[in-house]
Chemist: 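What follows is a single structure, and I will ask about it in a moment.
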2 protein chains.
Amino acid sequence: MKDQTTELSTTEPSTTERYIGIGELARESGCKPETVRYYEHIGLLPSAPRNEGNQRRYTRAAIRRLTFIRHSRDFGFSVEAVRELLEMADHPAMPCQEVDTLAKRHLAEVEARLARLTAVRDELKRMINQCAGGSVGQCHIIDVLSDHRLCHQSGPHGGAEIIG
Amino acid sequence: MKDQTTELSTTEPSTTERYIGIGELARESGCKPETVRYYEHIGLLPSAPRNEGNQRRYTRAAIRRLTFIRHSRDFGFSVEAVRELLEMADHPAMPCQEVDTLAKRHLAEVEARLARLTAVRDELKRMINQCAGGSVGQCHIIDVLSDHRLCHQSGPHGGAEIIG
DNA sequence: GCTTGAACCTCTAGTGACTACAGGTATTAC
DNA sequence: GTAATACCTGTAGTCACTAGAGGTTCAAGC
């Protein structure tokens, strides 16, 4: 189940390994060349070695590291959290408690977002269903948006920044 | 149930209405003075009249309009959608079909986000539960992040930008 | 060897929806 | 009169990229 390819550092290519360009790396790991350059710029990926024409050359190790990054981002971890996860993944002998803590904290945030988003969905559904379809002046949707007291939820819904 | 305060335009204060400052307006409608100025800047709120000292003065109508904006934003409507909703609310005689369409489109987006966020939550839970608590090298969380094939979900989770 | 087109390079600016700050002016309470 | 607070404008920063300008390098075909 577990092999030796877990290490995510991109150092030391083996003697005859094939190098790939940034385009192929991007395709293989599901992102764009611009994003790869951006990740290098902010230090999630190490500076890639260059060929004589100043173009970046990558090995398979870079694909693994970038895939890890993309996958972590897909899970909603922030770039800073990904930075910490990479740091941990680069030290396989360390205890994984910190990884666990990070994941649990993120889960808690995801669940909070889910709760707020669910409340928003329910309220949206309710206001759409109650719209009788007349003029704007009689529109229940506009009413609810005008007056918080018409909401079934008690508190505010949580702010747009929280629900996406 | 319905009164004459639905109109959201901030024109024509009645002869003896009390004016309030930007701070009180912000408090009353649940946002910050900076945000009020920002909304004026992007044209969601009309330019407020000023007193002799160049400070903005508002009436109750501004509170209603700003509350509508904040409430719509809390529901996750984009600023551009809020702009359209305000335009509609300002014309109460028009049919409310467009309002309905806007709300339904937004509901569909919210439901899509909910589905992706739920998938992320389930996968996060699974990987946290399967972590035996040893070293990073044996950590199931790191494994799953390294290798998409270990996910129960088939496709990608949808991208961080989508889940918030 | 030459040409063409794709891929690559750097650097800057833009996105959305605010938020924060700097450096100044006005109002209000005592 | 003075001190604290509220307000003003304008600019820059946030997050995680994305897009574009303007140029260079590479790979394939002739």
Side-chain angles (χ1 to χ4, degrees), chain A residues 18-45 47-58 62 66 69-83 85-86 106 109 113 157-164, chain B residues 18-45 47-58 62 66 69-84 86 106 109 113 157-164:
Chain A
R18 189 170 84 87
Y19 285 92
I20 60 174
I22 196 170
E24 191 173 344
L25 171 64
R27 267 193 307 280
E28 292 271 316
S29 41
C31 60
K32 301 179 181 176
E34 292 91 329
T35 311
V36 177
R37 283 190 282 261
Y38 170 71
Y39 286 159
E40 180 182 315
H41 180 69
I42 62 169
L44 281 194
L45 291 174
S47 304
R50 309 292 181 109
N51 67 3
E52 303 97 86
N54 197 33
Q55 300 194 346
R56 291 168 180 83
R57 295 294 101 161
Y58 296 94
L66 187 50
I69 295 169
R70 282 313 315 164
H71 204 189
S72 302
R73 293 282 306 120
D74 285 346
F75 268 102
F77 287 101
S78 72
V79 162
E80 286 317 302
V82 175
R83 202 187 294 278
L85 286 168
L86 281 168
H106 183 55
E109 281 165 24
R113 258 201 296 266
H157 306 285
E161 76 285 350
I162 287 159
I163 73 158
Chain B
R18 190 171 81 89
Y19 286 91
I20 59 174
I22 198 172
E24 190 173 343
L25 170 64
R27 267 192 308 281
E28 292 272 318
S29 41
C31 60
K32 301 180 183 177
E34 292 91 328
T35 311
V36 177
R37 283 190 283 260
Y38 171 71
Y39 287 159
E40 179 182 316
H41 180 69
I42 64 171
L44 281 195
L45 291 174
S47 303
R50 309 292 181 109
N51 66 3
E52 302 98 87
N54 197 35
Q55 301 195 346
R56 291 167 179 86
R57 297 293 100 162
Y58 296 95
L66 187 50
I69 296 171
R70 282 312 315 161
H71 205 189
S72 302
R73 294 282 306 122
D74 285 346
F75 268 102
F77 287 102
S78 71
V79 161
E80 284 320 300
V82 176
R83 202 187 294 278
E84 292 180 52
L86 280 168
H106 184 55
E109 283 165 23
R113 259 203 293 267
H157 305 285
E161 76 286 348
I162 288 160
I163 72 159

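Every chain is numbered from 1 and lettered A, B, ... according to where its sequence line falls, protein lines coming before strand lines.
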Chemist: For the residue pair B:R56 and B:R50, establish whether any side-chain heavy-atom pair is separated by less than 4.5 Å.
Modeler: yes
Chemist: Using only side-chain N and O atoms of B:R70, determine if any of them is under 4.0 Å from OP1 or OP2 of C:dC18.
Modeler: yes
Chemist: How is A:R37 classified with respect to the nucleic acid when contacts are heavy atoms under 4.0 Å: base, sugar-phosphate, or nothing?
Modeler: base
Chemist: Starting at atom CD1 of A:I69, determine the distance to atom C1' of D:dA16, rounded to an integer number of angstrom.
Modeler: 13 Å
Chemist: Among D:dC8, C:dT10, D:dC17, which is the nearest nucleotide to the side chain of B:R50?
Modeler: D:dC8
Chemist: If only atom types and distance count, is the side chain of B:H106 paired as donor or acceptor with the main-chain N or O of B:A81 below 3.5 Å?
Modeler: no
Chemist: Of all the choices, D:dC8, C:dA20, C:dT10, which nucleotide is nearest to the side chain of A:R56 once you look at every atom?
Modeler: C:dT10
Chemist: Checking B:R37 side chain against B:I22 main chain: does a donor-acceptor pair fall under 3.5 Å?
Modeler: no
Chemist: Using whole Å, report how far NE2 of B:H41 lies from P of D:dA12.
Modeler: 14 Å
Chemist: Of the options D:dA19, D:dC17, D:dC8, whose atoms approach the side-chain atoms of B:I22 most closely?
Modeler: D:dC8
Chemist: To the nearest Å, give me how far apart CG (B:L25) and P (D:dC7) are.
Modeler: 10 Å
Chemist: Hey, does B:Y58 have a side-chain heavy atom less than 4.5 Å from the side chain of B:V36?
Modeler: yes
Chemist: Which whole-number value in Å describes the distance from A:L45 CG to D:dC17 P?
Modeler: 12 Å
Chemist: Round to the nearest Å and state the distance from B:I20 atom CD1 to D:dA6 atom P.
Modeler: 14 Å
Chemist: In the structure I gave you, are the side-chain heavy atoms of B:E28 and B:L66 within less than 4.5 Å of one another anywhere?
Modeler: no
Chemist: Please compare B:R27 and A:S78 by the position of their nearest nucleotide in DNA chain D and report the one closer to 5'.
Modeler: B:R27
Chemist: I need the CD-P distance between A:E24 and C:dA7, as an integer number of Å.
Modeler: 12 Å
Chemist: Using whole Å, what does the distance between atom C1' of nucleotide C:dC18 and atom CZ of B:R73 come to?
Modeler: 9 Å
Chemist: Counting heavy atoms from C-beta on, name the nucleotide in D:dA16, D:dT18, C:dA20 closest to the side chain of A:E34.
Modeler: D:dT18
Chemist: How would you summarise protein contacts on nucleotides 23-30 of chain C per nucleotide, using B for base, S for sugar-phosphate only and - for none, with heavy-atom distances below 4.0 Å?
Modeler: ---SS---
Chemist: Between B:Q55 and B:Y19, is there a side-chain heavy-atom distance shorter than 4.5 Å?
Modeler: no
Chemist: B:L44 CG to C:dG16 P: how many Å, rounded?
Modeler: 13 Å
Chemist: So, does B:Y39 get its side chain near the phosphate of C:dC18, meaning an N or O under 4.0 Å from OP1 or OP2?
Modeler: yes
Chemist: Quick one: do A:E24 and A:R27 make a salt bridge, cutoff under 4.0 Å?
Modeler: no
